[in-house]
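Notes follow the structure.
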Protein chains: 2
Amino acid sequence: MSQGNIAVTDQAGAVDPEKIEACTVLEVISRISGKWAIGILLQAMRGPVRFTALERSVEGISRRMLTLTLRNLERDGLLVRTVYPTIPPRVEYEATPRARELYETLSGLVGWAERHREAIAVSRVAYDGNTAC
Amino acid sequence: MSQGNIAVTDQAGAVDPEKIEACTVLEVISRISGKWAIGILLQAMRGPVRFTALERSVEGISRRMLTLTLRNLERDGLLVRTVYPTIPPRVEYEATPRARELYETLSGLVGWAERHREAIAVSRVAYDGNTAC
DNA sequence: CGGTATCCATCCAGATACTG
DNA sequence: CAGTATCTGGATGGATACCG
């Protein structure tokens, strides 16, 4: 279904073409499928955002998971990490154009979730009730 | 998990309001965020589809994960499960209107993934290469 | 401030075997 | 055909402590 030889040039630096195994759609989607990625991305699309700001606004996330998710998003070229070597240090994350292309889709998804979350909660209770008894 | 099979599709009945804790958007999204849910949903949106057909078309999925994901989607009212008590048995899954409202968004997501998967693969290799050396 | 490192519990998911 | 049951390794994620 897919080849592994590409020569796209939007990334700086030389990349060994042999190392590139084109991700499947599944792999790509599972990146933003994590528990936290969408929340982080939505914040970072509004503009540069700092580590602690994310820690506060993405509710329930641990320092560890924030770091891990940020690294993965950066790795996929969805976030840029900028370090200002001041004291105290300051790091900002911002969504890339690649991530911004997701915005419409993502907000569509969030909108759908908002419209249906109550009905889904009802369905769950109904389902659990029916199977439990 | 508790089981309650042999039931033909039923989604009615009274629900104890106290049991409903409205899901957060995060919880709702994480349901379709699983590794397999989107693939299954997209199939089931095309019309009723059988268990084995899904097993074949959702590449790489195990029997177990197919069952689990189907149950969860059914639980959230995104799929209806219909059992025809024939011999051999026959079970069909179809997307509900609630799930169908997701179609646009979902295909947007898949489209984005298809457009960017190669570039993302490049980014990953570049990132790994830079950090490794 | 913005992280790492480590330990540890839990959940996820594959392999395999069995069944109405 | 369409599942279920069980076992198990590995990934996931929280808690806590420490650091440049």
Side-chain angles (χ1 to χ4, degrees), chain A residues 24 26-27 29-40 43-44 48-76 79-94 127 131-132, chain B residues 1-9 24 26-27 29-40 43-44 48-76 79-94 124 127 131-132:
Chain A
T24 66
L26 214 75
E27 285 171 322
I29 286 181
S30 63
R31 162 66 55 241
I32 55 165
S33 290
K35 191 175 179 184
W36 309 109
I38 290 182
I40 292 174
Q43 294 297 320
V49 61
R50 300 180 63 168
F51 188 88
T52 12
L54 284 170
E55 202 175 1
R56 278 190 301 268
S57 63
V58 181
E59 210 145 330
I61 197 170
S62 67
R63 200 180 233 83
R64 190 180 116 91
M65 287 316 297
L66 179 53
T67 303
L68 287 178
T69 311
L70 285 172
R71 292 293 171 274
N72 277 324
L73 292 173
E74 192 194 355
R75 179 170 179 256
D76 281 7
L79 288 184
V80 209
R81 178 171 180 268
T82 312
V83 179
Y84 300 94
T86 57
I87 295 181
R90 179 177 161 192
V91 180
E92 285 183 348
Y93 295 89
E94 189 170 17
Y127 184 93
T131 56
Chain B
M1 194 199 287
S2 55
Q3 70 249 40
N5 39 5
I6 311 177
V8 189
T9 66
T24 67
L26 213 75
E27 285 171 323
I29 287 181
S30 63
R31 162 66 55 244
I32 55 165
S33 290
K35 190 175 179 184
W36 308 109
I38 291 183
I40 292 174
Q43 294 298 320
V49 60
R50 300 180 63 169
F51 188 88
T52 15
L54 284 170
E55 201 174 2
R56 278 190 301 269
S57 63
V58 181
E59 211 145 328
I61 196 170
S62 67
R63 200 182 235 82
R64 192 181 113 90
M65 287 315 296
L66 179 54
T67 302
L68 288 178
T69 311
L70 285 171
R71 291 292 172 275
N72 277 323
L73 292 172
E74 191 195 354
R75 179 170 179 256
D76 282 4
L79 288 184
V80 208
R81 176 171 182 269
T82 312
V83 178
Y84 300 95
T86 57
I87 295 179
R90 179 177 161 192
V91 181
E92 285 183 347
Y93 296 88
E94 190 170 17
R124 286 182 185 177
Y127 185 92
T131 56

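Note on naming: letters A, B, ... go to the chains in the order of the sequence lines (proteins, then strands), and numbering restarts at 1 for each one.
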DNA chain D: A/Gly60 or B/Phe51, which has the more 5' nearest nucleotide?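 It is B/Phe51 whose nearest nucleotide is closer to the 5' end.
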Between [N] atom [atom2] and [X] atom [atom1], what is the distance in whole Å?
X       : N      : atom1 : atom2 : value
B/Trp36 : C/dG14 : CH2   : C1'   : 10 Å
A/Lys35 : C/dC12 : NZ    : P     : 10 Å
B/Glu59 : C/dG14 : CD    : P     : 14 Å
A/Leu66 : D/dT12 : CG    : P     : 16 Å
A/Glu55 : C/dG3  : CD    : C1'   : 10 Å
B/Tyr84 : C/dG20 : OH    : P     : 25 Å
B/Arg64 : C/dA13 : CZ    : P     : 8 Å
B/Ile87 : D/dC1  : CD1   : P     : 14 Å

So do the side chains of [X] and [Y] get within less than 4.5 Å of each other, counting heavy atoms only?
X        : Y       : value
A/Tyr127 : B/Arg71 : yes
A/Leu54  : A/Gln43 : yes
B/Thr52  : B/Glu55 : yes
A/Ile61  : A/Ile40 : yes

Among [options], which is the nearest nucleotide to the side chain of [X]?
X       : options              : value
A/Pro89 : D/dG3, C/dC1, C/dG3  : C/dC1
A/Arg81 : C/dG2, D/dG3, C/dG14 : C/dG2
A/Met65 : D/dT4, D/dC1, D/dG13 : D/dG13
A/Arg50 : C/dC1, D/dG3, D/dC1  : C/dC1
B/Ser62 : D/dA2, C/dG14, C/dG2 : C/dG14

Between A/Val49 and A/Ala44, which heavy-atom pair has the shortest distance, and what is it?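 Shortest heavy-atom contact: CG1-CA, 4.0 Å.
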So, OP1 or OP2 of D/dG3: does either fall under 4.0 Å of a side-chain N or O from B/Arg71?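 Yes, within the criterion.
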